[in-house]
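Heads up: the structure comes next, in structure tokens.
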Amino acid sequence: MVKLRLPDGRELEAKIGESILEQIPPESGLVAKVDGRLVDLTWIVHEGVETIEVLDFNSPEGRETYWHTSSHILAQAVKRLFPEAKLGIGPAIEEGFFYDFDLGGRSFSPEDLERIEEEMRRIVRENLPVVREEMGREEAIKLFRSMGEVYKVELLEEMDEDVVSVYRQGEFVDLCRGPHLPYTGYVKALKVLHASSAYWRGDERNPVMQRVYGISFPTEEELKRYLKMREEARKRDHRIVGPQLDLFSMPSELIGPGLVIWHPKGARIRRVIEDFLVRVHLKWGYELVYSPHIAYTNLWRTSGHLNYYRDFMYVFEKEGIEHAVKPMNCPFHILVYKSKRRSYRELPMRLFELGTVYRYERSGVLHGLLRARGFTQDDAHIFTTPEKLEEEIFRVIELDEYLMRSFGFEEFKVEISTWDPRRPEEYMGSEEDWIRAQSALEEALRNKGYEYEVMEGEAAFYGPKIDVKLVDSIGREWQLSTIQLDFNLPKRFNVTYVDADGSEKTVIMIHRALLGSIERFFGILLEHYAGNFPLWLAPVQARVLPVAERHLDRAREVLDRLLSAGIRADLDDARGTLGYRIRESELEKVPILLVIGDREVESGKVAVRRKGKGNLGSMDLEEFLREFTEEFLPPDLRGGSSTF
RNA sequence: GCCCCGGUAGCUCAGCUCGGUUAGAGCGCCGCCUUGGUAAGGCGGAGGUCGCGGGUUCGAAUCCCGCCCGGGGCUCCA
């Protein structure tokens with residue numbers, strides 16, 4: 001007996017010799033998993049099968065199938081409207097799907113996209129059956145060559161399989177592994193999102209393809225919700241919100257692309273973040289250092305960076321000597337270490353710097369604060385003995401977790417990049433070094449109770465690393481912290497210590513940046529909170545708001561009290577209606593408003609309004625301060641003091 | 001770097017196809033009136049090198065070319 005499980009959990013007994021589609025309620029599933037293998041619903045059940053699981057849009061496989069068929073509908077629509085278009089590839093992606101077309105040099109206009117979308121709807125209405133067909137590879141090559149689909153022929157020629165599958169719907173046929181939906185009519189709500197360009201197989205030496213992106217859903221409501229969410233994400237774009245809240249700007253036409261100027265309010269937040277970082281690092285046994293922004297290019301020749309990093313550096317010449325603006329802080333920290341002979345007793349030595357660096361990133365990769373040309377790393381280099389490596393890694397991860405939680409991030413994903421053991425000759429350092437280092441990384445993560453993914457062969461030539469990604473309030477992942485071991489620089493700079501037995505040994509170096517770059521982290525934080533920073537980070541923590549001008553005197557007294565309590569507060573000037581001024585402060589995202597009117601002047605109280613919560617009622621000013629003091633403070637200064 | 005799209009007031013945008021009054025709107029800003037109780041009170045005013053440079057034309061925000069900057073992608077991210 002073959003069990004057939006429907007998406008709603010019900011189980012049927014499958015009949016041999018009939019397709020899955022015939023045996024389930026109409027449109028109750030999209031695709032099926034037969035003994036772990038994905039198949040079309042039109043697949044015929046045969047002997048020897050154990051379990052069949054029908055999947056709907058709630059499963060990743062269901063969505064992928066849905067979007068994959070949608071991409072075929074897109075391709076079919078394009079072929080109908082632009083018969084000369086040559087098909088590239090058209091996969092489902094994380095959200096939706098795309099298809100690449102070679103239009104022989106032209107591109108799609110917005111009107112074209114609308115027509116394509118209309119044609120897609122027509123194909124859906126036609127409710128064409130989607131039919132799988134298997135054929136020999138040679139036969140397929142002949143078929144696609146006869147259609148002029150040169151890219152499909154190219155793909156086929158590179159395949160190993162002797163038999164390939166194609167899918168037909170109406171007049172349209174495409175090379176495809178599948179699986180697919182049984183009918184085009186299964187796609188209920190669709191939207192062509194935008195067009196862009198991409199190179200055939202992602203290689204810029206290849207022809208340019210026009211890539212059309214789309215999304216589809218089983219109901220109009222879901223499509224609407226998705227489009228609204230997209231709009232939400234767009235609205236919390238730090239490049240829009242930042243200047244809107246007067247935090248920073250990037251007047252690239254005046255100062256060049258990828259450079260930031262911090263306005264007073266943004267600078268306040270940044271200063272709070274940086275002070276917090278410095279205090280915490282000092283508490284955790286780091287020493288604070290500073291290093292210059294420029295140096296002889298030779299310094300990076302020694303580090304070996306110059307060779308392949310030169311194009312990313314700002315290089316200039318003075319009195320016949322080549323200088324460069326620093327693209328990284330490591331060599332300077334090494335020089336601090338090397339300023340004298342070091343004993344094993346001094347290790348681990350942890351040097352921390354908010355180091356501003358400049359990198360000439362290619363113009364196409366710049367993206368607001370998230371990818372800038374000038375940025376400040378929360379950079380540290382730890383010099384340690386091999387014996388203390390694991391303990392150090394553990395401490396770094398612990399610090400990282402503390403920082404992330406302090407900023408309101410709860411969910412992390414950890415990856416560890418290791419070498420490729422089949423090609424040890426491509427890596428710096430001995431096999432023994434690598435194995436010990438990699439197990440130290442893994443051991444530290446296990447001790448911390450983290451789950452992690454091992455990315456074999458992803459390590460840099462000079463050492464393995466740990467990457468930490470965090471998940472923000474709307475589910476997006478951001479690569480943030482990196483903890484990178486380095487066997488290379490200590491050798492190049494001859495960074496050594498005298499061990500207990502009097503012998504000179506080479507240190508192991510850990511590069512680590514936990515927020516990564518202050519700019520980038522700030523951008524992520526801004527999008528995470530959509531501008532509504534928690535109280536300890538808000539640029540204006542509280543605003544005193546007199547109802548009328550006659551309340552200004554009392555309002556100033558209240559303001560003075562707040563300021564002397566160390567709260568970042570300001571005063572509204574009482575011009576305009578109260579409602580208008582409250583709206584202004586709400587839009588500025590000021591977390592706390594203290595309203596002062598006749599009643600408050602009379603009673604000596606303040607009326608507290610919390611953003612998002614509305615009017616909390618009146619309370620005594622001192623009572624207010626007692627109640628909120630903790631929340632006004634950075635996490636490490638709460639509860640009397642001490643990080644832990 | 002490459003491909004496509006875009007750049008008009010501080011901001012968001014209309015006007016550009018098809019060249020022709022004094023380039024508009026809303027928000028913001030400034031002034032006056034309004035003295036108010038928890039998300040928009042009223043009236044008036046100022047504000048523009050239409051990204052920059054060149055060309056076509058009697059005439060260019062509008063058409064053409066080059067450059068700069070931005071956006072979406074590709075690639076890159078030691």
Side-chain angles (χ1 to χ4, degrees), chain A residues 98 100 102-103 105-113 193-213 234 237 239-240 243-244 246 249-258 300 303-313 327-328 330 359-368 370-371 459-463 465 467 479 482 484 486 488-489 511 516-517 520 545-552 574-590 593-600 607-618:
Chain A
F98 69 76
D100 285 347
D102 183 345
L103 292 183
R106 72 180 288 275
S107 60
F108 291 116
S109 67
E111 295 74 39
D112 292 337
L113 296 183
L193 294 172
H194 64 278
S196 181
S197 60
Y199 298 98
W200 170 241
R201 307 185 130 186
D203 188 328
E204 62 188 71
R205 287 163 302 194
N206 285 340
V208 174
M209 315 282 287
Q210 299 304 309
R211 178 168 293 180
V212 179
Y213 288 86
R234 202 186 62 78
D237 190 324
R239 294 166 301 176
I240 315 255
Q244 222 164 43
D246 203 13
S249 61
M250 302 181 78
S252 48
E253 66 284 3
L254 302 175
I255 63 176
W300 287 283
S303 69
H305 287 110
L306 198 63
N307 261 342
Y308 61 108
Y309 211 72
R310 193 185 177 97
D311 288 348
F312 291 91
M313 292 170 63
M328 61 207 52
C330 344
R359 301 178 183 180
Y360 190 76
E361 300 286 357
R362 305 213 288 174
S363 60
V365 306
L366 298 175
H367 187 84
L370 302 185
R371 196 80 188 273
F461 76 91
Y462 53 81
K465 65 170 176 174
D467 285 321
Q479 155 73 53
T482 68
Q484 168 86 57
D486 190 341
N488 179 41
L489 286 186
H511 308 252
S517 112
R520 180 176 149 83
L545 209 137
V547 172
E549 278 168 30
R550 65 174 178 280
H551 309 120
L552 268 168
R575 292 164 49 87
T577 61
L578 184 66
Y580 181 81
R581 289 180 283 134
I582 285 175
R583 178 183 150 82
E584 290 273 280
S585 295
E586 287 280 338
L587 292 175
E588 269 183 64
K589 305 189 188 296
V590 178
L593 297 182
L594 298 179
V595 179
I596 309 286
D598 287 335
R599 296 200 290 269
E600 288 70 28
V608 182
R609 182 190 166 97
R610 187 78 197 254
K611 181 166 179 5
K613 292 185 183 154
N615 194 347
L616 301 183
S618 291

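To find a chain, count down the sequence lines: A is the first, B the second, and so on, and within it residues start at 1.
- To the nearest angstrom, C1' of B:A39 lies 8 Å from CD1 of A:Ile582.
- Residue A:Arg581 places no side-chain atom within donor-acceptor reach of the base of B:U38, judged by atom type and a 3.5 Å distance cut-off alone.
- To the nearest angstrom, P of B:C76 lies 19 Å from NE2 of A:His367.
- The same atom, P, is picked in B:C68 and in B:A23; the two are 31 Å apart, to the nearest Å.
- Among the protein residues, A:Tyr213 comes within range of the sugar-phosphate backbone only, with heavy atoms under 4.0 Å from sugar or phosphate atoms but none that close to a base.
- Comparing A:Leu593 and A:Met209 along RNA chain B, the residue whose closest nucleotide (by nearest heavy atom) sits nearer the 5' end is A:Met209.
- In this structure, A:Leu370 places its CG atom 10 Å from P of B:G72, rounding to the nearest Å.
- We find that CG of A:Leu552 is positioned 11 Å from C1' of B:U35, with the value rounded to whole Å.
- Summarising the base pairing, B:C77 is matched to no nucleotide, lacking a Watson-Crick or G-U wobble pair whose two defining distances lie under 3.5 Å.
- Rounded to whole Å, the distance from CZ on A:Arg550 to C1' on B:G37 is 11 Å.
- Just one of A:Arg609, A:Lys613, A:Arg581 meets the salt bridge (charged side-chain N to carboxylate O under 4.0 Å, His left out) condition when paired with A:Glu586; it is A:Arg609.
- If you check every strand for non-hydrogen atoms under 4.0 Å, A:Glu588 touches nothing.
- Rounded to a whole Å, the OH atom of A:Tyr360 is 16 Å from the C1' atom of B:C77.
- When the C1' atom is compared between B:C63 and B:G19, the two are found 8 Å apart, to the nearest whole Å.
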task: Starting at the 5' end of nucleotides 25-33 of chain B, put B wherever the base has a protein heavy atom under 4.0 Å, S where only the sugar-phosphate does, and a dash everywhere else.
output: ---S--S--

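- Atom CD1 in A:Ile255 sits about 10 Å away from atom P in B:G70, given to the nearest Å.
- Nucleotide B:A39 holds its C1' atom 7 Å from the CZ atom of A:Arg609, rounded to whole Å.
- Ranking B:G36, B:A78, B:G70 by closeness to the A:Arg359 side chain, first place goes to B:A78.
- Comparing A:Ser252 and A:Lys465 against RNA chain B, the residue whose closest nucleotide sits nearer the 5' end is A:Ser252.
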With 3.5 Å as the limit, what N/O pairs link the protein to nucleotides 5-8 of chain B?
none

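- For the OP1/OP2 pair of B:G71 and a distance below 4.0 Å, the side-chain nitrogens and oxygens of A:Arg239 include at least one atom meeting the criterion.
- Contact check for A:His305 versus A:Pro327: no side-chain heavy atoms found under the 4.5 Å cut-off.
- Within the nucleic acid shown, A:Gly576 comes within 4.0 Å of at least one base atom, counting heavy atoms only.
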Using the 3.5 Å cut-off, write out each protein N or O paired with an N or O of nucleotides 10-12 of chain B and the distance between them.
none

